[in-house]
Every structure is written in C-alpha cells, then in structure tokens.
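The chains referred to below are lettered A, B, ... by the order of the sequence lines, with proteins before strands, and numbering in each begins at 1.
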Protein chains: 2
Amino acid sequence: MSANITIKDVAKRAGVSEATVSRALNDSPQVKRATRQKIQAIAHSLGYRPNGLARSIRVQQSHTLGMIIPDILNGFFTQLSRAIEDAASQAGYDVLIVNTDEHLQKEAKGINLMLEKQVDGLIITSAGASTDYPKMLGNTPAVFVDRMPPADVVSQYDRVLVDNVQGTQDIIGCLIDRGARRVGIINSAVSATAQERLKGYHRALRAAGLPTDPATEATARVDGSNVPQMARQLLVNQKCDALFAADNTIMTGVLSKLPELSLSDFQLGAFDDNDWFDFLPQPIVTAKQPIAELGRIAVERLLARINDGQLPTQEFRLAAQIIPRPTATHP
Amino acid sequence: MSANITIKDVAKRAGVSEATVSRALNDSPQVKRATRQKIQAIAHSLGYRPNGLARSIRVQQSHTLGMIIPDILNGFFTQLSRAIEDAASQAGYDVLIVNTDEHLQKEAKGINLMLEKQVDGLIITSAGASTDYPKMLGNTPAVFVDRMPPADVVSQYDRVLVDNVQGTQDIIGCLIDRGARRVGIINSAVSATAQERLKGYHRALRAAGLPTDPATEATARVDGSNVPQMARQLLVNQKCDALFAADNTIMTGVLSKLPELSLSDFQLGAFDDNDWFDFLPQPIVTAKQPIAELGRIAVERLLARINDGQLPTQEFRLAAQIIPRPTATHP
DNA sequence: CTGAAAGCGCTAACAG
DNA sequence: CTGTTAGCGCTTTCAG
C-alpha cells in the first residue's frame with residue numbers, strides 16, 4: 001500500500017475533474033462517450049487501480065462477506081468454504097475466511113476482525129454454544145451454517161443445516177439391514193448436532209427392535225485425541241459388530257486404529273463423505289451432506305438479509321444423501 | 001456496514017475531541033491515564049468498533065496479506081493456506097485468500113481484487129507461466145510459493161519451493177531399491193515443477209543403471225481427467241512394475257483406477273503426502289513437503305520485503321521428507 | 001496533556 | 001454532460 005496513483009492523477013492528466021473521472025470509471029451513462037473512453041484510456045495507461053477501501057468507506061458497504069469456520073483442514077469445511085466462495089463471487093461479493101480451531105477466543109477475535117474490516121455480513125459455523133452473538137455482532141447480518149447458534153438466540157438468526165437425525169438413522173438402518181446387531185457410536189462433542197445424531201441412532205435401533213445400551217455410546221473430545229482408544233473399546237471390549245463415527249475427524253481416528261485391532265467381519269458408518277473412502281478396503285456407509293447447496297443457500301439468505309434487515313429468520317434443513325458404498329464396485 | 005457508532009460519538013459522549021479518543025483507543029502514552037480509561041470505558045459501553053477501512057486508508061497500510069492459490073480442495077494447498085494464515089496472524093497480519101481453479105483469468109481477477117483491497121503484499125502460487133506479473137502487481141511486494149514465476153521475471157521475486165529433483169529422485173530410488181525395474185511416471189502439467197520432477201526421475205533411473213523410455217512417461221491434464229486412463233496404459237500396456245504420480249491430484253486419479261485393473265505386485269510412489277495414505281492397503285512411497293516451513297518462510301520474507309522494498313530477491317529450496325511407508329506397520 | 005484542522009481516495013448531491 | 005463541494009471515519013501534524 002505505497003504511494004499509488006489516484007483518481008486525482010488521472011483527472012489532472014485528462015484535464016477534467018475528479019468527479020468526472022469517477023463517473024467515467026464507473027461507466028456512468030451520464031458522461032459523454034468520448035470523454036469516458038479517453039479517461040479510461042488514460043487511467044489504463046497510467047496503471048491506475050481504484051482504492052477499494054476508499055470506495056467502501058464512502059459508499060458504506062464493502063461487498064465482502066466474512067466466514068467463520070472451525071477447521072479448514074477438515075474436508076467438510078474446505079468444501080463448504082469453496083461452495084460459499086463460489087456462490088458469493090457469483091453475486092459479486094468477496095469472502096474473507098477465518099479459522100477458529102474450535103477456540104472460542106479465536107472465534108471472537110476473528111469476528112471482531114471481520115467487523116472492523118466492515119464485512120457486509122457473516123456466515124458462521126459456531127465454535128461453541130456459549131458465545132453471546134447478538135452482542136458480538138451488533139446489527140451485522142449473520143447466518144449460521146452446519147451448527148446451531150446458542151439455544152437462547154436461535155430465533156434471531158437464519159440457519160442452514162443438514163437433517164442430522166434422518167441422515168444418521170439412514171446410515172444405522174443400512175448397517176442393521178446388512179446384519180449388524182450391536183452398533184456402537186462415537187459421537188462428536190458439538191452439542192446440538194451431536195444430540196440430533198444420537199437421536200437418529202436411537203431411532204434406527206428402536207425401529208429395528210434392537211436395544212440401546214449406554215455402553216456402546218461414546219463421545220469424542222473436540223480434538224479427536226481419544227477416538228482411537230474408543231474405537232478399541234467399542235469394537236473389542238464391547239464386541240460391537242458395527243461402528244458409527246459421527247463425523248469426518250472421528251472416522252479418521254477410527255481408521256488409524258483399525259490395523260492394530262485386526263478384526264474382521266464388522267461394519268463402518270460415518271457422517272460426512274470423503275472421496276478417498278472409495279479407496280479403502282473396508283467399505284464405509286456414509287451420509288453425504290449437500291455442501292454446495294448449503295453454501296448456496298447460506299449466501300443467498302445472507303444477501304437477502306443484507307438487503308432487508310427485517311426479513312423473518314428461517315431454518316433450512318437439507319437432506320443428507322446416503323452412500324451405501326458396498327455396491328457394484330464393492331461386492 | 002450500516003449506521004455504526006463512530007469515534008465522533010465517543011468523543012461527544014466523553015466531552016473530549018476526536019483526536020483524544022483516537023489516542024486513547026490506541027493506547028497512546030501521551031494521554032492522561034484517567035482520561036484514557038474513561039474514554040475506553042465509554043467506547044466499550046457504547047459498543048464502539050473501529051472502522052478498519054478508515055484506518056487503513058489513513059495510515060496507508062492494511063495489515064493484510066493476499067494469497068493466491070490454485071485449488072483449495074487440494075490438501076497441499078489447504079495445509080499451505082493454513083500455515084500461511086498461522087504465520088501471518090502471529091505477525092499481526094490478516095490474510096485474504098483467493099482460489100483460481102488454475103485459471104489465469106480467475107487469477108488475474110483475484111490479484112486485482114486484492115490490490116484494490118490494498119493488501120500490503122501477496123503470496124502467489126502461480127496458475128500459469130504466461131502472466132505478466134510485474135505489470136499486474138506494480139510495486140506491491142510478492143513472493144512465489146511452490147511454483148516458479150515465469151522464467152523471464154524470476155529474478156524479480158522471492159520464491160520458496162521444495163527440492164523437487166531430490167524428492168523425486170528419493171522416491172524413485174526407493175522404489176528401485178525394492179525391486180522395481182520399469183518405473184512409469186505420470187507428471188503434472190505445471191511446467192517448471194514438472195521438469196524438475198522429471199529430472200529427478202531420470203536421475204534415479206540413471207543412478208540405478210536403468211534405461212529411460214519415453215513410453216513410460218506421461219503428462220496429466222491440469223484437471224487430471226486423463227489420469228486413470230494413463231494409469232492403465234502404464235501399468236497394463238507398458239507393464240510397469242512401479243508408478244510414480246507427480247502430485248496429489250494425480251495420485252487420486254491413479255487410485256480411482258486401480259480396482260478395475262486388479263493387478264498385484266507393483267509399487268506406488270507420489271509427490272505430496274496425505275494422512276489417509278496410511279489407511280490404504282497398497283503402501284505409497286511419498287515425498288512430504290515441509291508445508292509449515294514453506295508458509296513460515298514465505299510470510300517472513302514477504303514481511304521483510306514490505307518493510308524494505310530494496311531487499312535483494314532470493315530463492316529458498318527446502319528438502320522434502322521421504323516417507324517410505326512400508327515399514328513397521330506395513331510389513 | 002488536549003484540541004483544531006487537514007487530508008487519505010473516493011462518490012454523491014447540487015449546480016450549472 | 002461536467003465541475004464544485006462536502007464528507008465517509010480515522011490519524012496526525014501543529015498549536016496551545
């Protein structure tokens with residue numbers, strides 16, 4: 001951000017006022033064709049580049065969206081961020097991304113940062129239910145994706161999520177159809193989502209007339225560090241014949257433990273799909289989230305709210321697609 | 001970016017001038033302790049949030065770095081972006097990310113965007129050798145990571161890369177040590193990098209006294225669409241007993257084709273490592289890039305250049321670490 | 001220690 | 001169709 005050439009330089013060089021240059025550069029129809037072209041030519045030859053900050057500050061909007069995600073290394077969020085970027089850029093908006101590492105403090109810092117950068121709106125995947133979002137956000141529009149805002153303020157925000165209950169129920173149902181009689185679950189630590197997935201798990205068991213057993217239900221730490229040990233606990237000690245991992249990270253933890261357990265004849269299910277699951281010897285039944293859709297709707301909704309702050313808030317629930325995996329290629 | 005409360009509001013409320021508020025908020029030592037605390041309290045109670053754009057425009061720097069990457073879905077770049085974000089934020093800089101999808105046009109648009117947003121510097125993983133960076137960038141500092149800038153302007157920019165020759169040579173050498181006699185390569189389309197990796201491949205063959213054969217050398221399309229077919233060509237038609245994939249994307253293409261070829265007794269090597277490679281039945285020898293280092297150095301260097309535009313440019317070559325994979329766990 | 005005033009680069013009335 | 005003027009929110013001389 002060094003001594004750059006400004007609108008003033010162009011104006012001087014073109015022998016017109018700054019206002020005219022501004023108009024010409026913005027293709028205002030109310031400037032003579034000839035002048036406009038001349039000005040644009042001069043601007044180009046001078047290597048003029050508009051200062052977006054100055055513009056934003058003047059017009060009172062940045063045309064920029066902020067996005068708060070907990071872990072960019074997690075494939076789900078990488079894809080989500082990609083989807084959101086695509087949708088936003090199609091609407092002429094840029095997006096700023098901040099990683100929270102699931103830390104509330106980093107999240108707070110990130111949100112602050114974005115507000116200072118004057119984003120027009122925020123897309124948030126919350127790192128925790130304890131944050132006072134209304135106070136943090138002020139009147140900056142926000143939509144929550146993938147994770148619910150804290151219960152006491154849900155109704156104040158739009159949210160777009162996947163149907164966790166149904167998705168989980170489908171997976172477990174599929175495992176049972178294929179012969180599972182004792183299904184273990186390693187759930188995530190994210191409260192609302194975890195509850196829904198647990199509910200789906202229970203429903204599937206009940207629907208099949210199988211008993212629930214607290215001994216087959218475990219909850220992973222947010223960093224996943226205790227997952228391998230839990231996998232062992234459930235598959236070996238508890239003799240589960242199928243194991244459900246409630247998300248991406250958890251499934252990875254499970255997979256890392258499997259070789260040393262050297263079991264056979266058990267099934268695997270997981271929420272969130274990964275392309276490379278196709279390459280594994282052990283098939284995994286997954287629920288694939290409609291990530292592009294999630295992103296598209298979130299952006300759409302956020303932009304709508306930016307244009308009309310009074311819009312009533314809404315919840316969007318999208319169905320997850322079950323990928324049974326052992327099919328054609330996996331006999 | 002709606003009607004927010006400004007420094008003026010705080011000043012009025014505190015009965016002081018805007019200047020004093022500004023000083024107080026920036027912890028200037030030249031404002032009386034009492035006034036400062038009072039002002040800060042008022043600012044807080046009013047929910048005042050500084051307008052970063054206004055500040056940036058005034059002080060002529062944004063404390064923001066821009067990052068241009070070709071594909072955020074590629075694990076290598078996700079990790080790289082993460083590393084860069086970490087390093088930058090530690091230095092008090094934010095980072096803006098733009099995805100190019102390997103499209104020169106998107107890259108140009110992205111760079112433009114960042115410049116308009118007045119980033120203080122740019123970290124670029126170039127999408128093509130044909131771009132006229134000096135013209136695009138003007139005097140905004142930039143460092144190139146992972147991919148060389150165009151040959152005619154290399155010397156104008158800092159670059160931080162991995163030692164592709166050595167890394168590849170190590171992988172191929174390892175495959176040969178384990179018995180490979182006819183090693184195929186599917187190279188990437190990225191020119192400079194590809195040449196280096198091909199060189200390493202040739203060197204390893206020569207060192208082992210093996211012949212090179214153009215029939216065992218293929219080049220993937222940038223989108224990887226023809227990789228599966230190439231894998232078939234090399235492994236089946238050309239009867240290679242080992243296959244080297246020059247990057248992440250290519251390896252994925254190869255893996256997707258393997259099941260239907262149902263071969264046995266062949267080896268796999270790849271540049272770029274992925275955690276999930278550990279879970280595959282077929283071990284893969286990889287060269288793992290020191291991504292955190294790459295990011296750290298890039299940021300360090302960029303910041304140094306921001307502070308001193310006259311700094312002589314430099315090239316950093318980091319060693320890739322070979323992961324032989326069939327070890328302890330893979331007998 | 002604090003205030004008044006100028007100005008970063010840009011756009012939006014308001015005149016002409 | 002174009003110029004003049006004012007001002008977005010902030011920091012920074014320069015005075016006091």
Side-chain angles (χ1 to χ4, degrees), chain A residues 1-40 42-43 46-64 112 115-120 138 140, chain B residues 1-40 42-43 46-64 112 115-120 138 140:
Chain A
M1 205 164 165
S2 54
N4 257 320
I5 102 125
T6 81
I7 235 179
K8 191 189 250 164
D9 301 313
V10 181
K12 210 172 296 174
R13 192 81 148 55
V16 296
S17 75
E18 298 180 33
T20 306
V21 174
S22 173
R23 292 193 192 101
L25 261 24
N26 291 312
D27 284 317
S28 157
Q30 48 167 10
V31 53
K32 216 193 340 184
R33 204 171 222 279
T35 359
R36 186 190 339 167
Q37 294 184 336
K38 180 177 129 202
I39 291 176
Q40 288 181 343
I42 291 182
L46 250 41
Y48 168 76
R49 206 151 350 224
N51 184 324
L53 304 188
R55 173 167 218 287
S56 291
I57 209 188
R58 181 63 239 253
V59 303
Q60 295 283 75
Q61 50 164 322
S62 59
H63 265 256
T64 303
N112 239 303
L115 293 181
E116 294 192 2
K117 285 225 189 301
Q118 308 297 118
V119 295
D120 295 335
T140 304
Chain B
M1 206 165 163
S2 53
N4 258 319
I5 101 122
T6 81
I7 233 180
K8 190 188 249 166
D9 302 314
V10 181
K12 210 171 294 173
R13 193 81 148 54
V16 295
S17 75
E18 300 179 31
T20 305
V21 175
S22 173
R23 293 193 191 99
L25 262 24
N26 290 312
D27 284 316
S28 159
Q30 49 166 7
V31 53
K32 216 187 349 184
R33 206 172 220 280
T35 355
R36 187 189 339 167
Q37 294 183 336
K38 179 177 131 202
I39 291 176
Q40 288 181 343
I42 291 181
L46 248 41
Y48 167 77
R49 209 159 338 232
N51 184 323
L53 304 188
R55 175 166 218 287
S56 289
I57 209 185
R58 180 62 238 252
V59 303
Q60 295 284 75
Q61 49 164 321
S62 58
H63 263 255
T64 303
N112 239 305
L115 293 182
E116 294 192 1
K117 286 225 189 299
Q118 309 298 115
V119 295
D120 294 336
T140 304

With the side chain of [X] defined as its heavy atoms from C-beta on, choose the nearest nucleotide among [options].
X	options	result
B:Val16	C:dG3, D:dG3, C:dC10	C:dG3
A:Val31	D:dT2, C:dA12, D:dC10	D:dT2
B:Asn51	C:dG3, D:dC10, C:dC1	D:dC10
A:Ile57	C:dC10, D:dG9, C:dT2	D:dG9

How many angstroms lie between NZ in A:Lys32 and CZ in A:Arg23, if you round to the nearest 0.5 Å?
->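 A:Lys32 NZ to A:Arg23 CZ: 14.0 Å, rounded to 0.5 Å.
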Tell me which of B:Ala54 and B:Thr20 sits closer to the 5' end of DNA chain C, going by the nucleotide each one is nearest to.
->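 Per heavy-atom nearest nucleotide, the more 5' residue is B:Thr20.
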Please assess A:Val21 against A:Tyr48 for the test side-chain contact (heavy atoms from CB on, under 4.5 Å), listing each intermediate value before the final yes or no.
-> CA-CA 11 Å; A:Val21 174; A:Tyr48 168 76; 6.0 Å; no
Does the side-chain contact (heavy atoms from CB on, under 4.5 Å) test come out yes or no for B:Gln118 and A:Asn51, once each step is laid out?
-> CA-CA 7 Å; B:Gln118 309 298 115; A:Asn51 184 324; 3.5 Å; yes
Establish, with yes or no, whether the OP1 or OP2 oxygen of [N] is under 4.0 angstrom from a side-chain nitrogen or oxygen of [X].
X	N	value
A:Ser22	C:dC10	no
B:Gln60	D:dT11	no
A:Thr6	C:dG9	no
A:Ser17	D:dG3	yes
A:Gln118	D:dC8	no

Side chain of B:Asp120, backbone of B:Ser62: donor and acceptor closer than 3.5 Å?
->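 Yes.
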Tell me the interatomic distance from [X], atom [atom1], to [N], atom [atom2], rounded to whole angstroms.
X	N	atom1	atom2	answer
A:Gln61	C:dC10	CD	P	18 Å
B:Arg36	C:dC1	CZ	C1'	12 Å
A:Lys8	C:dC10	NZ	P	10 Å
A:Asn4	C:dG7	CG	P	20 Å
A:Ile7	D:dT2	CD1	P	15 Å
B:Ile5	D:dC8	CD1	C1'	16 Å
A:Asn26	C:dC10	CG	P	10 Å
A:Glu18	D:dC1	CD	P	22 Å

Please test A:Thr64 against A:Lys117 for side-chain contact (heavy atoms from CB on, under 4.5 Å), starting from the C-alpha separation and ending with a verdict.
-> CA-CA 9 Å; A:Thr64 303; A:Lys117 285 225 189 301; over 6 Å; no
Under 3.5 Å donor-acceptor pair, A:Arg23 side-chain atoms to D:dG3 base atoms |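 Pair found.
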